[in-house]
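Owing to the predicted nature of the structure, the values given are computational and were not obtained by experimental measurement. Just so we're on the same page: letters track the sequence lines, and every chain starts at 1.
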Amino acid sequence: MDRLPKLNSAQREAVLTLCGPLLVLAGAGTGKTRVITYRMAELIHRGTPPQRILSVTFTNKAAREMQERAARLLGGQRQNKPFIATFHSLCVRILRQEITVLGYPPNFAIYDRGDQESAARKVLRDIRIGEGAFRPGDLLQRISRWKMAGIGPAHAADFSECDLDSLAAVAYRRYQVSLRAAAAVDFDDLLLLTLQLFREFPQVLSRHQRRFDSVQIDEYQDTNAAQFELVEALVREHHNLCVVGDDDQSIYGWRGADVAHILNFQSYFLGTKVVRLEDNYRCTDKILDVANRLIKHNRGRHEKQLRAHKTTSDGVRFLEFPDEVAEAENVVREINELVRKRDTPQGDITILFRTNEQPRLFETELRRAQLNYVLLGGQSFFDRREIRDMLAYLKVLAHPSDEVSLLRIINTPVRGIGTTTVQKLLHRAVKEHRSLWAVIPQAISEAEISTKSAAALNAFRELLERYRRAFDRTPKKMAETLRALIAEIDYHAEIQKQYKEPQQQLLHWEMLDELVESLERYLERSASPSLSDYLEESALNGREEEADKYDQLEHDAVRLMTLHSAKGLEFHRVYMVGLEESLLPHQRSIDGNEAAIAEERRLAYVGITRAKDHLTLTRAASRKKWGKRRASLPSRFLFEMRSDCASDDKANDVQPD
DNA sequence: AAGGAGGGTTTTTTT
DNA sequence: AACCCTCCTT
């Protein structure tokens with residue numbers, strides 16, 4: 001019996017190369033996920049215990065999908081499943097087990113982006129860097145770049161190239177100190193601290209090296225230095241490493257991803273076998289033509305010959321509208337006709353865009369046309385003020401030392417604990433080297449604080465302790481407890497105060513309901529639920545709460561998402577909107593170097609190759625930004641993908657102003 | 001301590 | 001246009 005019925009010869013070769021380093025250069029739509037799942041099945045078939053196989057994916061969603069595929073292929077209920085995880089969830093697992101040697105408690109909190117920003121703000125205030133020199137975002141970006149390069153706070157100064165870098169290096173150290181004091185870890189720390197463990201504690205490393213016989217990495221083109229070092233450490237003893245990726249789809253350079261890792265894989269791992277997947281089963285020939293013509297304008301790539309297996313007479317369309325409103329109106333009008341008159345399922349249609357500011361108009365139009373839609377990514381559910389507030393309550397309950405969250409809620413809703421009181425508490429906390437939370441009782445008893453404030457503080461402390469006990473004692477009833485907490489602090493009134501329009505109030509009130517529902521869903525799927533486990537999950541999953549929503553709609557909804565979040569997905573009908581200079585390529589990249597433009601080009605390439613059957617590219621001749629209307633030029637990529645590419649070199653020199 | 005007015009800034013992309 | 005911070009008044 002043929003165990004690999006659905007595979008072509010290249011895929012087969014990749015699946016059957018089970019020992020030593022393997023590089024699979026897989027173009028868009030060539031079935032790389034299938035290769036990885038079949039490979040796991042083959043490994044198991046040849047006797048590798050499933051739990052000794054590690055597959056790393058880029059997103060939690062991809063991990064879940066792969067788990068499902070693997071389960072299907074391996075015949076449903078297996079006791080030991082292969083370990084399929086993202087880098088971040090893999091690192092969390094390792095850290096929970098090992099982190100005490102680094103001086104953190106095993107139940108460390110994980111700071112999400114909002115928390116990071118608050119922490120960065122505080123550090124900047126403490127350092128009192130000149131006004132305007134740094135914004136929290138700038139600082140975090142620098143810190144993140146160091147962390148992704150595997151550089152710890154102690155060495156950052158050595159890698160500083162300008163005065164701002166040196167300042168950032170100082171801030172980095174303080175930032176790390178404050179995280180540690182809060183027993184918290186940020187997203188990048190998950191990788192960096194694991195790396196530190198592996199570097200400094202050989203016995204820890206070898207413990208984890210012995211766990212896996214075979215390691216596979218998906219989307220390898222988006223690996224950063226820290227991730228590379230982690231992988232290299234894990235497979236050092238056996239080099240049974242299979243990486244799958246496409247250098248033309250590397251779109252995370254700004255996050256430290258380095259295409260060099262996939263380009264130099266063969267020289268790093270000697271004896272690497274290379275397999276190319278060049279049969280594209282996803283896109284029509286017309287779509288693939290456009291994509292190929294565009295990407296040819298990039299230099300220094302693994303040249304590939306993607307072969308289309310689907311032909312059509314339906315060409316790629318290029319549309320132009322006077323402004324962004326007309327763009328949205330027309331695209332949605334067309335979608336409406338497709339859905340109502342030609343029975344196109346709404347779930348077949350996807351609108352892709354570069355920035356998160358773009359979808360608003362499309363949302364308005366879709367609502368007006370009474371079409372279902374799901375906005376994936378964008379302003380995340382978890383970024384909304386009311387959600388952040390309530391999550392901060394949960395975080396303080398789960399991790400009392402979490403200062404960022406405590407500061408957020410100590411006077412929200414207002415309860416008479418003003419800035420003066422908070423300042424006194426902070427001062428004492430610093431002086432006594434203790435956490436803000438721990439310092440409250442003494443501050444009250446030593447009469448440092450006015451009677452009125454002291455009473456408010458006491459009530460606040462009593463409230464939290466009471467709920468902490470409730471969450472601890474009956475974890476199964478966490479959703480009800482949360483509901484009670486929301487009622488007791490009267491967050492309803494807070495929303496009424498915050499938003500004037502009754503409709504807005506309703507909307508935000510519903511958001512809170514959704515939070516409770518998300519907690520309920522967690523309770524359903526978790527065997528031994530706990531508050532901190534829920535918080536960890538929502539930090540790691542982040543925006544994917546929205547994906548859940550999409551599943552609930554049973555796929556019958558138009559999807560809106562950024563080009564970045566479309567990576568790895570495919571859709572029947574794609575509208576790629578806003579193909580204009582300063583949007584795609586984005587202004588920030590135009591101001592940057594050639595490499596930045598090349599990455600934008602790859603981003604456009606990713607967008608185009610998401611489309612299976614129909615692709616429409618649109619642009620607006622003018623666009624409003626910050627309240628001002630400005631003319632916008634067609635994206636240079638439009639010219640590139642439509643040119644016949646007679647002279648590649650010339651095309652590379654084109655620099656429209 | 002709270003709330004409101006006014007002013008300045010902001011939007012790249014995300015695990 | 002949305003958000004945040006700061007300052008001012010109560």
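Using modelled atom types, one finds a donor on one side chain and an acceptor on the other under 3.5 Å when comparing A:Glu363 with A:Tyr373.
Proximity of A:Ser453 to the phosphate of B:dA1: a side-chain N or O atom is located under 4.0 Å from OP1 or OP2. Between A:Thr562 and the phosphate of B:dT14, there is a side-chain N or O to OP1/OP2 separation shorter than 4.0 Å.
A:Ser144 pairs with exactly one of A:Met148, A:Arg142, A:Gln141 by the side-chain contact (heavy atoms from CB on, under 4.5 Å) rule, that one being A:Met148. Applying the ring-ring contact (aromatic ring centres under 6.0 Å, His included) test between A:His564 and each of A:Phe353, A:Phe58, A:Tyr252 identifies A:Tyr252 as the sole match.
Between the P atom of B:dT15 and the OH atom of A:Tyr252 lies a distance of 6 Å, rounded to the nearest Å. Note: CD (A:Glu600) to P (B:dT13) measures 11 Å, nearest angstrom. Between the C1' atom of B:dT9 and the CD atom of A:Glu117 lies a distance of 13 Å, rounded to the nearest Å. Per the geometry, CG belonging to A:Asp218 stands 15 Å off P belonging to B:dT15, to the nearest Å. Nucleotide B:dT13 holds its P atom 13 Å from the CD1 atom of A:Ile251, rounded to whole Å. Atom pair A:Asp591:CG and B:dT11:P shows a separation of 16 Å (rounding to whole Å applied). With rounding to whole Å, A:Leu540 atom CG is found 11 Å from B:dT15 atom P. The distance between atom CZ of A:Arg588 and atom P of B:dT11, rounded to the nearest whole Å, is 8 Å.
Here the side chain of A:Arg408 pairs no donor or acceptor atom with the backbone of A:Val404 at under 3.5 angstrom. A donor-acceptor pair under 3.5 Å links the side-chain atoms of A:Gln227 to the main chain of A:Asn224, judged by distance alone.
As judged by a 4.0 angstrom heavy-atom cut-off over every strand, A:Asp188 is placed among residues making no nucleic acid contact. A:Phe58 comes within contact range of the sugar-phosphate backbone alone, with a heavy-atom separation under 4.0 Å but no base atom that close.
The side chain of A:Arg385 has C:dC4 as its nearest neighbour among B:dT13, B:dT15, C:dC4. Checked against B:dA1, B:dA2, B:dT15, the side chain of A:Phe187 finds its nearest nucleotide in B:dT15. With B:dT13, B:dT15, B:dT14 as the choices, the nucleotide that has an atom nearest any side-chain atom of A:Thr86 turns out to be B:dT15. The side chain of A:Val414 sits closest to B:dG3 out of B:dT11, B:dG3, B:dT15. The A:Arg121 side chain lies nearest to C:dC5 when the options are B:dT15, C:dC5, C:dA2. Nearest to the side-chain atoms of A:Thr421 among the listed nucleotides B:dA1, B:dT13, B:dT14 stands B:dA1. Listed nucleotides: B:dT14, B:dG3, B:dT15. Nearest to the side chain of A:Asn356: B:dT14.
When the nearest nucleotides of DNA chain B are assigned to A:His586 and A:Gln116 by heavy-atom distance, the more 5′-ward of the two goes with A:His586. Each of A:Leu191 and A:Glu357 was matched to the nucleotide of DNA chain B holding its nearest heavy atom; the match closer to the 5' end belongs to A:Glu357.
Annotation: A:Arg367, atom CZ; neighbour count of heavy atoms from other residues, nucleotides and ligands within 6.0 Å is above 12.
In this structure, A:Trp254 forms an aromatic stack with the base of B:dT13, since both conditions hold: centre separation below 5.5 Å and plane angle below 30°.
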